[in-house]
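Note sheet for the following structure.
Reckoned from all heavy atoms, side chains included, excluding hydrogens, waters and symmetry mates. Here is how names work: the chains are called A, B, and so on, in the same order as the sequence lines, proteins then strands, and each is numbered from 1.
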Amino acid sequence: AMAASRLARLWQPGAPQTRALLPDFWMAALEPPTVGRYRLPPNCVKFEVDMRMSKHDIREYLEKVYGAPVRSVRTEVQMGEIMWQNKIDLQYKRAMWKEEDKKFAYVFMEKGYDFKWPMMFSDNEEVREIQAGKDEKERMDQNSVFANSDRGGVGKFIS
Amino acid sequence: MIRSVISTLAPLSRGSTVVTRRGFMQNFFDDETNFNQQELRPKKRPGRSWTADELRLKSNTDLHKLWFVCLKERNMLLTMKRAFVAQAKSMPNPERLDRVDETMEAIKEVVDERDEAVLRLETGDGARPPERTVTSFMGFTYKQEASEHLSKDGKKEYEVPMLDEDALMMQKLWAEKEHMKRLERHDEEVRKELQTDDMRRFKRGGPRTFNK
């Protein structure tokens, strides 16, 4: 903020590094689904990152701060959901509430890297059954948006 | 605020980064024992944030190291928060996030102070960017910090201190309104001075004499 606004002397090879970086970026690891169309390959880790970070920033951050074997980084920006009160608002784009925008990073590590998200909450019968149920539902639903979409809505009322 | 990671294998430490069987990703997770807790007590209770006074005693190297420790702690806490929220659960001791943020703000404050002092000694100008006086569209002037920008053909742009009709009228009317407000305030004070205790006690009563 303060001293960063001063234009420092252009660095040339051999000159001493007179500045130390205190990065203010944050990264949170996210658990990707294991089933469905949004599952990721084993060497990919999904993060939610600060909106201002670029792919280079993410790579440098992980390599320097965490020592991660990064192969490539892909980013995705998701616009926050806007809640429209009525159709007029939607037409004239008068938004009352909007969720914050999010940036996700899909970081691909070296081949052979396999990170399995740990079981964070009690690993008992009930939890495993619930998860199995969720996975099965995901498998059944994953094509429902695309299947039979050329029928003009015929037969959708009857499940 | 430095937490110790319990692992079955002997951890190889790379500074404050932990490298165990789960690799660098272990840094994004809290102690396994903390996952099913409602509140971390009594031994694992988190400490308070660093104060600016405490940090002023530390060297620049120490502050640099503490910054990165706080950074990784913040990332871990954010990961945990999202994981708990995804399972419709609440994270134990969410005040840890605020405390880390406070510590980082304090570090920034101390580092900025030191930068300001060093640059003022060496160059005469401090670390803060210079302040420029800006005139708004309605004619009000305010101070603003200068920022880096591209110049047009290397020529300097100067602000022309002339107001257009609307801005000029606005400034005149604003000055008039402020003047009236001052007069009214003065009148109010004079009126309050004239009020006696009896008048205040009995409101509508009290002797109405104007012997000054």
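- For a residue to count as touching a neighbouring chain, one of its non-hydrogen atoms must lie under 4.5 Å from one of that chain's; by this rule A:F47 touches chain B with the side chain only.
- In this structure, the separation between CE on A:M27 and CG on B:N27 is 12.5 Å, given to the nearest 0.5 Å.
- Dense packing is recorded around CD of B:E131, with more than 12 heavy atoms of other residues, nucleotides or ligands lying under 6.0 Å away.
- Of the two parts of B:K81, neither the backbone nor the side chain holds a non-hydrogen atom closer than 4.5 Å to a non-hydrogen atom of chain A.
- To the nearest 0.5 Å, the span separating CD on B:Q87 from CD on A:E31 amounts to 7.0 Å.
- With chain B as the partner, the residue from A:L30, A:V45, A:L22, A:D24 showing the most heavy-atom pairs under 4.5 Å is A:L22.
- To the nearest 0.5 angstrom, A:Y66 atom OH is 12.0 Å from B:Q26 atom CD.
- Within a 6.0 Å radius of NZ in B:K89, other residues, nucleotides and ligands contribute more than 12 heavy atoms.
- Pairing each heavy atom of B:W67 with each of A:P23, the nearest pair is NE1-O, 2.8 Å.
- Within a 6.0 Å sphere centred on NZ of A:K87, other residues, nucleotides and ligands contribute 12 heavy atoms or fewer.
- Going from atom CG of B:L71 over to atom OH of A:Y61 covers 3.5 Å, rounded to the nearest 0.5 Å.
- The neighbour count for A:R74 CZ, taken as heavy atoms of other residues, nucleotides or ligands under 6.0 Å away, does not exceed 12.
- Counting all heavy atoms, side chain and backbone alike, B:A83 lies closest to A:F121 at O-CE1, 4.2 Å.
- Proximity of the aromatic rings of B:F28 and A:W117 is defined here by a centroid distance below 6.0 angstrom, and this criterion is not met.
- With a 4.5 angstrom heavy-atom cutoff, B:D125 touches chain A via backbone and side-chain atoms both.
- Between the CG atom in A:L62 and the CE atom in B:M25 there is a gap of 9.0 Å [rounded to 0.5 Å].
- Taking a 6.0 Å sphere around NZ of A:K111, one finds it holds 12 or fewer heavy atoms contributed by other residues, nucleotides or ligands.
- Annotation: B:Q195, atom CD; neighbour count of heavy atoms from other residues, nucleotides and ligands within 6.0 Å is above 12.
- Looking at B:T61, there are no atoms closer than 4.5 Å to chain A (heavy atoms on both sides), in backbone or side chain.
- Within a 6.0 Å radius of CZ in B:R200, other residues, nucleotides and ligands contribute more than 12 heavy atoms.
- No more than 12 heavy atoms of other residues, nucleotides or ligands shown are found within 6.0 angstrom of CZ on B:F137.
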